[in-house]
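Notes for the one structure printed next.
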Amino acid sequence: MDIRQGFVSGSRVYFIGIKGTGMAALAEFLHNRGVLVSGSDSPEVFYTDTILKELGIPYYEGFDAKHIGKGKNTPDLVVYSDAYSFTRNQEMAEAQRQEIPVCQYSEALGAYSELADSSGIAGVHGKTTLTAMTGTLMRAVNLPAQVLVGGAVSGFGYRSTLDNGDKYFIAETDEYRRHFLFFSPNRIVLTAIEPDHQDYYPDYNSIREGFLEYLWKLPPGGELIYCTDDPGAAEAAGIISWEKRNIKLIPYGFTAEGDWGIISRSCGLGYQRFKLRGLNEEFELRYPGKHSCLNAAAAIALTSSLIHKEYGGWNREKENQVKEALKGFTGARRRSEIIGEAGGILFMDDYGHTPAEVKTTTEGLKEFYGRRLILSFMSHTYTRTSALLNEFAASFESADLLVLHRIYGSAREVYTGQVTGMTLFEKTKALMGDRVFYCEEPENAADMLKEILRPGDLFITMGAGDNWRLGRKLFEKYSKEGSR
């Protein structure tokens, strides 16, 4: 079956794992097209529960083969989250038994990308913030675009979607298990290539080859917008330009030639400003980190491509619209997200889970806020921690004090090595000395941190694990104390 047949108004599509960020976003877009969407997920409450209920999309709490309808209620298509399998999910097995067309989320997203002029945001890190920024600019210059972000965006009403028309489609595209190969891009924005997902890509060459396969999907006349500051992205751009000479290379970054080279940057407490070679305006971000300027440059470059296609080029009004939109950008959930301030302490949370992300984010926070930085970090996956142990240990230098925890494992990996959270602690302690502590379970560190934290501090939880609970627990404690 052509998956796109299930996207026609009046067809029925059932989502297994509908509360996932990407799944709920795709369900919303199909619902807006007149597709009869329904689904199921675990009873656990997610932020997407509210969104699905607001849209009037029905879904079951829990999984049961009976949920897969029969007769006139039979779905035309079943889309399942990559977290589930036919052997462990009875709804998937029932759909297969009834010979209902079934596809995974990444396949459905790829099919959806064929319905519009699509751009894929790719790279080992930076995708979510960059996609959120791009959506913010799409709305500001009134481009008829749908945008799918891999996290909730405060400026989108804490949704992961922007629906400003369906002529253009912009989405995060995932390199894990080459999921992005289902996507059909007219443009690709490439932020970075470096070792990651070691359970699937054992070394740098293997992950680079995965990205090169994706770049090969660009059609004649397609555009590759890439970061010259990142060695992996620059290398891939060089290779693809030699192998596929009919695409347009658009560089951005502090080392980039051309319109999207960053030619100046200044930073003060609570703001940073930068200028691009190709535009007259000086842009301001009230969002931390030098890497955020790179994301902004990439978002402007992609926006420029669509502005030229839709309107024929820039004008002063468009520049001012972009300038004001960037100044008001407040980020996405778990991306330098401010939880709140209590007891004079600023509490934040961030999803950064690679050494490069930890290093650039903490450096940016120190520069932007000028506060003492207390960091709780929880490493995600044993294979990543083992492969990048030395890089992780050296990535925390901007933290004034650091608390490490157990490794947050993944069901997708089988690890037989010896690296644990304590291994990372010992390696880091050799570099940071008494500035690093270890507490196996994150929430058990609350009492210790109550003795350490003081007014004026910035406390941030980082990682793709569940130590975010620690930050919220501390914030609630300090908030209650302040209300007495």
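Between atom CD1 of residue Ile170 and atom CG of residue Asp117 there is a gap of 9.0 Å, rounded to the nearest 0.5 Å. Put simply, CZ on Phe475 and CD1 on Ile338 are 11.0 Å apart, with the number rounded to the nearest 0.5 Å. To the nearest 0.5 Å, atoms NE2 (His353) and CE (Met378) are separated by 14.0 Å. Taken from OG in Ser395 to CG in Leu388, the straight-line distance is 9.5 Å, to the nearest 0.5 Å. Taking CG of Asn142 as the reference point, atom CD of Gln321 lies at 8.0 Å (rounded to 0.5 Å). To the nearest 0.5 angstrom, Met23 atom CE is 5.5 Å from Ser81 atom OG.
Aromatic rings of Tyr47 and Tyr158 (six-membered ring for Trp) have centroids beyond the 6.0 Å cut-off, not under it. For Phe29 and His31, the gap between ring centers reaches or exceeds 6.0 Å. Outside the 6.0 Å centre-distance limit, the rings of Tyr59 and Phe15 are not counted as a close aromatic pair. Between Phe86 and Tyr80, the ring center distance clears the sub-6.0 Å criterion. Checked against the 6.0 Å centroid criterion, the rings of Tyr84 and Phe63 qualify as a close aromatic pair.
Seen from the ring of Phe183, Lys217 does not count as a face-on cation partner, given the 6.0 Å and 45° thresholds.
If you check the side chains of Glu94 and Gln98, you find a donor sitting under 3.5 Å from an acceptor. Under 3.5 Å, the side chains of Thr461 and Asp349 contain a donor-acceptor pair of N or O atoms. For the residue pair Tyr14 / Ser40, a side-chain donor-acceptor distance below 3.5 Å is found, with atom types taken as modelled.
For Thr129 (side chain) and Gly126 (main-chain N/O), no donor-acceptor pair under 3.5 Å exists by modelled atom type. Put simply, the side chain of Glu281 never gets that close to the backbone of Lys323: no donor and acceptor are under 3.5 Å apart. A donor-acceptor pair under 3.5 Å links the side-chain atoms of His179 to the main chain of Tyr176, judged by distance alone. Without hydrogens or angle criteria, Ser11 side chain to Gly6 main chain gives a donor-acceptor distance under 3.5 Å.
With contacts defined as side-chain heavy-atom distances shorter than 4.5 Å, the pair Leu326/Phe274 qualifies. Using a 4.5 Å heavy-atom cutoff, the side chains of Leu306 and Arg187 are in contact. Looking at heavy atoms from C-beta onward, Arg159 lies in side-chain contact with Glu28 at the 4.5 angstrom threshold. For the pair Lys19/Glu61, a side-chain contact is recorded, criterion being any heavy-atom separation below 4.5 Å from C-beta on.
Just one residue in the list Leu302, Leu162, Ile300, Val189 forms a side chain to side chain contact (heavy atoms under 4.5 Å, CB included) with Thr134, and that residue is Leu302.
The aromatic rings of Phe377 and Phe392 lie tilted to each other, with the angle between the two planes from 30° to 60°.
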